[in-house]
Number of protein chains: 2
Amino acid sequence: MKRDIDNLMERRGIDVAIVEGVIKGNATMFYMVNGAQISHATVIKKRGEEPVLICGTMEREEAAASGLKTVDSSKYDYMKLLKEADGDRLKAQVAYYTKIFEEFGVKGKVAFYGEVNMSAWWVFLNALQKAMPDIEITGEFAENLFVRARATKEPYEIDRIREMGRRTCEVVQHVVDFIKSHRVEGETFMKADGTPLLLADCKAEIRMALSARNIIEEVGTIFALGRDAGIPHSRGKESDVMMTGKTLVFDIFPQEAGGGYFFDMTRTFVFGEASPEILEAYAQLSEIHDKVTASLKMGEKAGVYQTMVCDAMEANGHETPRTNPQVTDGYVHSLGHGIGLNVHESPRLWDGPGNTDVLEPGHVFTVEPGIYYPSKGWGMRIEDVYYVHEDGTIENLTNFPRDLVVEL
Amino acid sequence: MKRDIDNLMERRGIDVAIVEGVIKGNATMFYMVNGAQISHATVIKKRGEEPVLICGTMEREEAAASGLKTVDSSKYDYMKLLKEADGDRLKAQVAYYTKIFEEFGVKGKVAFYGEVNMSAWWVFLNALQKAMPDIEITGEFAENLFVRARATKEPYEIDRIREMGRRTCEVVQHVVDFIKSHRVEGETFMKADGTPLLLADCKAEIRMALSARNIIEEVGTIFALGRDAGIPHSRGKESDVMMTGKTLVFDIFPQEAGGGYFFDMTRTFVFGEASPEILEAYAQLSEIHDKVTASLKMGEKAGVYQTMVCDAMEANGHETPRTNPQVTDGYVHSLGHGIGLNVHESPRLWDGPGNTDVLEPGHVFTVEPGIYYPSKGWGMRIEDVYYVHEDGTIENLTNFPRDLVVEL
């Protein structure tokens, strides 16, 4: 939570945190400016002080919407500095930051954050370090302090994720109904014009259903049929014909329009009849999902649940990343991840070395076991989002049935 | 163009270029993997050799769609390295890259590119440099070689931008028709339910019209009325009531779904009657736009056109960034920018120090003069996209009329 930032800075020995970059696709910036729709900015957060937002004149109104103290960047007159540097942009940028750092008394260990162009920033931070030998430019490699703060959500964030969940479930139902509304010839769904219903048509329907609810596909939805359903990250082939009897993995992770909170859920459907092999595997998967989610407990290590799922999968005869690091048939990934302003964030439900994540109040994360047999032409996954309340209650934020078979 | 990359590497003394990060919002990665829908990857481009894509097992099919030589990252067994490093992710990542660099014979001056998390990469590149003292880790500050290569478009890119232009113009017309379809009471557009038409309703219509054409708002469209039209980056207030007689700045810059090419155009509309003051300013603006675009010439310095517009604006009594660096009333920004996989790229139509950009064959850029008087409650901008053909012909890719007044 935001109120943890000062403590985290202190524990990590950071005197000043600087957040840089555009707002879009830059969760740290979005978080710090409270989602204000500026295009790019600098946020300076000194330990124990309120953050300050430095932003261009043209975006003064958007900047004000952040609720932060704002400073108009024209004050530092980059253009004048660029002229003085004879058009040398690196020199001018070093001069610009030197001015800002002097004004704000930036000293000590100064950590930079944000999604930026690495090539330019590697050169720039090296030049800045050289120009300001009294400060120590630093960063954080693994879970940085903002990622850590963001992992535990405040009530206003839960409200937004919950609302995203509601809209996302509506979209899933809408698309199921859309497919069902088509008549079937043999094993193929047919459009009114007599041509087969394509996966591309379903994807277009997903986009329209999302847009109608003012939520966006930040990256393409996973909507994969048959063999492709067996490859967890396959987005599905647009030219595929929608057919009965095949597993459809529908993994949808939309974001608030304007770049805000995500939701993330997966359902697997078979329209019409499912084969005994698929039915049996789905029964195993449901049971494993139920078992692991029933055992979620505040204070428990997040990695424990991956171990639990690997145990159960192996007991059912499926390979896992534990038995084969390059596994492609069986259970092939980790169990889940936090969601928020990124679709993947802390905690990690994964038993790999060094993962010390523990389920904490405020955590919002997915649980998404799956069974994949691309060689047999199918795959399946069930994914819900869970929230750890202050009192340890675990709430499923995904209000959607789990039925595999959609009767026609 | 892509074929320039080896030459650019040579001229800039770069032996190996490494492109990192996710694909979404990372134009360099998108460019190098030909838009393949992988989530994240590493591309290694040695000077004089074909690029190689390193990507996870789960995304092997998407990776193959890039057409590049691909290597499955599981080969380097990060998990084993993480175990050996006792869960220290930084140490494991250094070991992982060391392995890759050894296999590919990465030597000499190694430049990193891509949009990444700065905090982690600053720490990582410093650690990697320490671990591999024989290579020189570097970057490029200003226009890096990929930005430079991307600035001149190949025919397949022009086809995609042209098609984006066609769809974008359709959306603009659709939204104008949508507004016109409402009845007017006094100066207010009214919905069928008897409540006023809000700017939010128009924005929803924009989103749906974009979705229907499989293009996306990468960041929010500028749709700003009256006073807000006078603030170039104002996105418009959702609660504003749509009214006649006010300037509406409609600046739309959608992207291909999945993260590809952009278009970018602006029209200013007044529904019903425009005041003499607004009509006069718009006549000036149209004349300036015509004059500057008629003079576009291959081989000319791009900054010349900003100078030309400033001259004309000042002759009409408007302040410019030249007369006042903090100008908010008058002509307040630069004239244009390249578009492609980013909405702002090279060339820059701007007369600032150090801008040596020259109009070249393959360049695709906007020309977008505007006049802004937020204090008087109005603003206006006209923006079209131009393409410099191989033979120097300048083509306007924006097929949309410029009429200010929309008759009701």
Side-chain angles (χ1 to χ4, degrees), chain A residues 20 24-25 37 39 57-59 61-62 74 77 79 82-83 86-90 111-125 137-142 144 204 207-208 210-212 214 216-220 231-235 257-258 325-326 328 332-333 352-355, chain B residues 20 24-25 37 39 57-59 61-62 74 77 79 82-83 86-90 111-125 137-142 144 204 207-208 210-212 214 216-220 231-235 257-258 325-326 328 332-333 352-355:
Chain A
E20 285 290 344
K24 190 68 205 298
Q37 292 292 300
S39 56
T57 309
M58 286 214 292
E59 302 195 310
E61 308 241 324
E62 281 74 11
S74 67
D77 207 345
M79 287 307 302
L82 188 59
K83 269 175 215 154
D86 282 329
D88 181 329
R89 284 156 72 180
L90 177 58
F112 281 79
Y113 301 88
E115 306 296 317
V116 300
N117 180 281
M118 165 166 47
S119 209
W121 280 86
W122 172 254
V123 173
F124 170 62
L125 290 183
I137 291 176
T138 184
E140 296 187 76
F141 183 72
N144 75 44
R207 285 193 301 270
M208 294 301 285
L210 290 167
S211 264
N214 200 15
I216 55 169
E217 264 181 335
E218 198 266 343
V219 293
I231 303 175
H233 276 206
S234 169
R235 306 257 179 263
Q326 300 192 29
T328 58
V332 307
H333 50 64
N355 184 16
Chain B
E20 285 289 345
K24 189 67 205 300
Q37 292 292 301
S39 56
T57 310
M58 287 215 292
E59 302 194 312
E61 309 242 324
E62 282 74 14
S74 67
D77 207 345
M79 286 307 302
L82 189 59
K83 268 175 217 155
D86 282 329
D88 182 328
R89 286 156 72 180
L90 177 58
F112 280 79
Y113 301 88
E115 306 296 316
V116 300
N117 180 282
M118 164 164 50
S119 210
W121 280 85
W122 173 253
V123 173
F124 169 63
L125 290 183
I137 291 176
T138 184
E140 296 188 77
F141 184 72
N144 74 45
R207 285 193 303 269
M208 294 302 284
L210 290 167
S211 265
N214 200 14
I216 55 171
E217 264 181 334
E218 198 265 346
V219 294
I231 303 175
H233 275 207
S234 169
R235 306 258 178 261
Q326 301 193 26
T328 57
V332 307
H333 51 66
N355 184 18

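Chain letters run A, B, ... following the sequence lines, proteins first, then strands; residues in each count from 1. Heavy-atom basis, side chains included; hydrogens, waters and symmetry copies ignored. Note that the coordinates shown come from a computational prediction; the quantities given were computed from them, not determined experimentally.
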Worksheet item: What is the distance from atom OH of A:Tyr113 to atom CD of A:Glu20, rounded to the nearest 0.5 Å?
Response: 13.0 Å
Fill in: Pairs of heavy atoms under 4.5 Å with chain A: top-ranked of B:Ala111, B:Ser234, B:Gly352
B:Ser234
Worksheet item: Which one, A:Gly87, A:Gly114, A:Ser119, leads in non-hydrogen pairs under 4.5 Å with chain B?
Response: A:Ser119
Item to complete: May I ask you to name which of B:Leu210, B:Thr328, B:Ile231, B:Asn214 has the most heavy-atom pairs under 4.5 Å with chain A?
Response: B:Asn214
Worksheet item: Can B:Gln326 and A:Thr57 be counted as having a side-chain donor-acceptor contact under 3.5 angstrom?
Response: no
Worksheet item: Taking every heavy-atom pair that is under 4.5 Å apart, which of A:Gly139, A:Gly354, A:Pro353 has the most such pairs with chain B?
Response: A:Pro353
Item to complete: Go through the structure and list residues passing side-chain contact (heavy atoms from CB on, under 4.5 Å) with B:Ser211, not counting sequence neighbours.
Response: A:Arg207, A:Met208, A:Ser211
Worksheet item: In terms of heavy-atom proximity below 4.5 Å to chain A, should B:Asn117 be classed as side chain, backbone, both, or neither?
Response: both
Fill in: Closest-packed option against chain B by number of heavy-atom pairs under 4.5 Å, given A:Gly25, A:Ala142, A:Ala120, A:Ala204
A:Ala120
Worksheet item: What part of B:Glu115 is in contact with chain A, defined as an atom under 4.5 angstrom from a non-hydrogen atom: side chain, backbone, both or neither?
Response: both
Worksheet item: For B:Ile137, which residues count as a side-chain contact (heavy atoms from CB on, under 4.5 Å) partner, sequence neighbours excluded?
Response: A:Trp122, B:Phe112, B:Leu125, B:Leu128, B:Gln129, B:Ile135
Discussion item. Can you tell me which portion of B:Ala212 sits under 4.5 Å from chain A's heavy atoms? Options are side chain, backbone, both or neither.
Written reply: both
Response to the item:
Among B:Gly220, B:Pro232, B:Ser74, the residue with the most heavy-atom pairs under 4.5 Å to chain A is B:Ser74
Fill in: Greatest number of heavy atom pairs closer than 4.5 Å to chain B - which of A:Val116, A:Asn144, A:Val123
A:Val116
Item to complete: For each of B:Asp86, B:Asn355, B:Thr138, B:Asp77, tally heavy-atom pairs with chain A at distances under 4.5 Å, and name the one with the top tally.
Response: B:Thr138
Worksheet entry | Interface moiety of B:Lys24 toward chain A, non-hydrogen atoms closer than 4.5 Å | side chain
Worksheet item: What part of B:Glu140 gets closer than 4.5 Å to chain A, counting heavy atoms only: side chain, backbone, both or neither?
Response: both
